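The structure under discussion appears below in the form of structure tokens.
Order of the sequence lines fixes the chain letters, A, B, ..., with proteins taken first and strands second; residue numbering starts at 1 for each chain. If you're wondering where the values come from, they're calculated on a predicted model, not measured in any experiment.
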Protein chains: 2
Amino acid sequence: MYEGTSNTGFNVQSQKCTRWSPTPVQLLVLEELYRQGTKTPSSEQIQQIASQLRRFGKIEGKNVFYWFQNHKARERQKRCRLEIEETASTEGKKEHKLSCDILKSNRE
Amino acid sequence: MYEGTSNTGFNVQSQKCTRWSPTPVQLLVLEELYRQGTKTPSSEQIQQIASQLRRFGKIEGKNVFYWFQNHKARERQKRCRLEIEETASTEGKKEHKLSCDILKSNRE
DNA sequence: GCAAATTAATGATTTATTCAAG
DNA sequence: CTTGAATAAATCATTAATTTGC
């Protein structure tokens with residue numbers, strides 16, 4: 001894992017320059033931006049977002065950049081995992097129309 | 001419980017149910033399947049489960065589909081009641097207004 | 001004990017997302 | 001950029017538990 005685990009109890013997470021993590025409000029705003037269509041912001045957008053979010057806590061452009069990159073990747077991973085899970089029993093994509101058929105019977 | 005104790009004894013399961021509800025045995029089997037890893041069954045699985053469970057009472061594929069959807073969602077709800085950030089009481093309103101500004105400026 | 005009234009569970013619908021065809 | 005496929009989240013609606021007064 002990380003290096004400073006043992007030794008005397010220096011709290012790596014508390015005050016010094018550990019890795020950035022968003023404050024709750026920053027996270028809320030980032031998620032909202034993502035939802036509204038900002039998936040891969042340009043560097044201009046990144047700087048703008050960072051400077052406005054700086055009001056809620058320390059943040060840099062690269063943090064914003066990484067956040068969007070990671071968030072997009074993880075959303076994709078999540079969906080991939082679900083789809084694989086779903087089709088695990090059958091192999092192909094042939095069973096992908098599943099629930100629609102099932103539901104259609106009583107859907108009028 | 002289920003059957004009426006005395007003279008009002010209409011069999012609840014037999015005739016006049018608008019919406020399905022699982023018999024105890026059906027519920028046990030569904031829960032066991034879920035516990036064993038069937039979270040979002042494919043349509044094939046759904047049909048198999050339904051026809052096996054039909055032995056214990058009236059049931060359709062869509063009932064199975066809905067049951068897994070609801071069960072998964074509600075299990076998740078009960079396991080995820082942390083991180084209520086929404087409004088941090090005093091700071092909440094002020095920060096919310098500001099985040100709206102941020103979103104507006106970045107929207108287009 | 002038993003139903004009417006009320007509350008808690010949960011089945012069924014609708015809505016808002018996601019990724020990735022086309 | 002638009003749209004298809006497929007949810008999962010949010011919501012609606014009805015059933016079962018329970019509370020309550022008699």
With sequence neighbours excluded, tell me which residues meet side-chain contact (heavy atoms from CB on, under 4.5 Å) with [X].
X       : result
B:Phe56 : B:Thr23, B:Val25, B:Gln26, B:Leu53
A:Ser42 : A:Glu44, A:Gln45
A:Gln69 : A:Phe65

### Task
Identify, with sequence neighbours excluded, every residue that meets salt bridge (charged side-chain N to carboxylate O under 4.0 Å, His left out) alongside B:Glu32.
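Salt bridge (charged side-chain N to carboxylate O under 4.0 Å, His left out) list for B:Glu32, sorted by chain: B:Arg35.
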### Query
Out of curiosity, B:Lys78 NZ to B:Arg74 CZ, how far, rounded to the nearest 0.5 Å?
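The NZ atom of B:Lys78 sits 9.0 Å away from the CZ atom of B:Arg74.
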### Task
Counting Watson-Crick and G-U wobble pairs only, both distances under 3.5 Å, name the nucleotide matched with D:dT19, or none.
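Because both required distances fall under 3.5 Å, D:dT19 counts as paired with C:dA4.
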### Query
Which one is paired to D:dT2, where only Watson-Crick or G-U wobble pairs with both distances under 3.5 angstrom count?
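In the structure as shown, D:dT2 has no Watson-Crick or wobble partner.
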[N] [atom2] sits how many Å from [X] [atom1], rounded?
X       : N      : atom1 : atom2 : answer
B:Gln69 : C:dT15 : CD    : P     : 17 Å
B:Gln77 : D:dA8  : CD    : P     : 14 Å
B:Lys39 : D:dT7  : NZ    : C1'   : 16 Å

### Message
Which residues pass the ring pair (Phe, Tyr, Trp, His ring centres under 6.0 Å) test with A:Tyr66, not counting sequence neighbours?
### Response
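Result, ring pair (Phe, Tyr, Trp, His ring centres under 6.0 Å) vs A:Tyr66: none returned.
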### Task
Could you check which of D:dA9, C:dT18, C:dA20 has an atom nearest any side-chain atom of B:Arg76?
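Closest of the options to the side chain of B:Arg76: D:dA9.
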At a cut-off of 3.5 Å, list every protein nitrogen or oxygen paired with a nitrogen or oxygen from nucleotides 9-12 of chain C, distance to 0.1 Å.
residue	atom	partner	partner atom	Å
C:dT10	O2	B:Arg19	NH1	3.3
C:dT10	O2	B:Arg19	NH2	3.3
C:dG11	O3'	B:Trp20	O	3.4
C:dG11	N7	B:Arg74	NH1	3.0
C:dG11	O6	B:Arg74	NH2	2.6
C:dA12	OP1	B:Trp20	N	3.4
C:dA12	OP1	B:Asn63	ND2	3.1
C:dA12	OP2	B:Asn63	ND2	3.1
C:dA12	N7	B:Asn70	ND2	3.0
C:dA12	N6	B:Asn70	OD1	2.9

### Query
So what does B:Phe68 touch, heavy atoms closer than 4.0 Å: a base, only the sugar-phosphate, or nothing?
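No contact.
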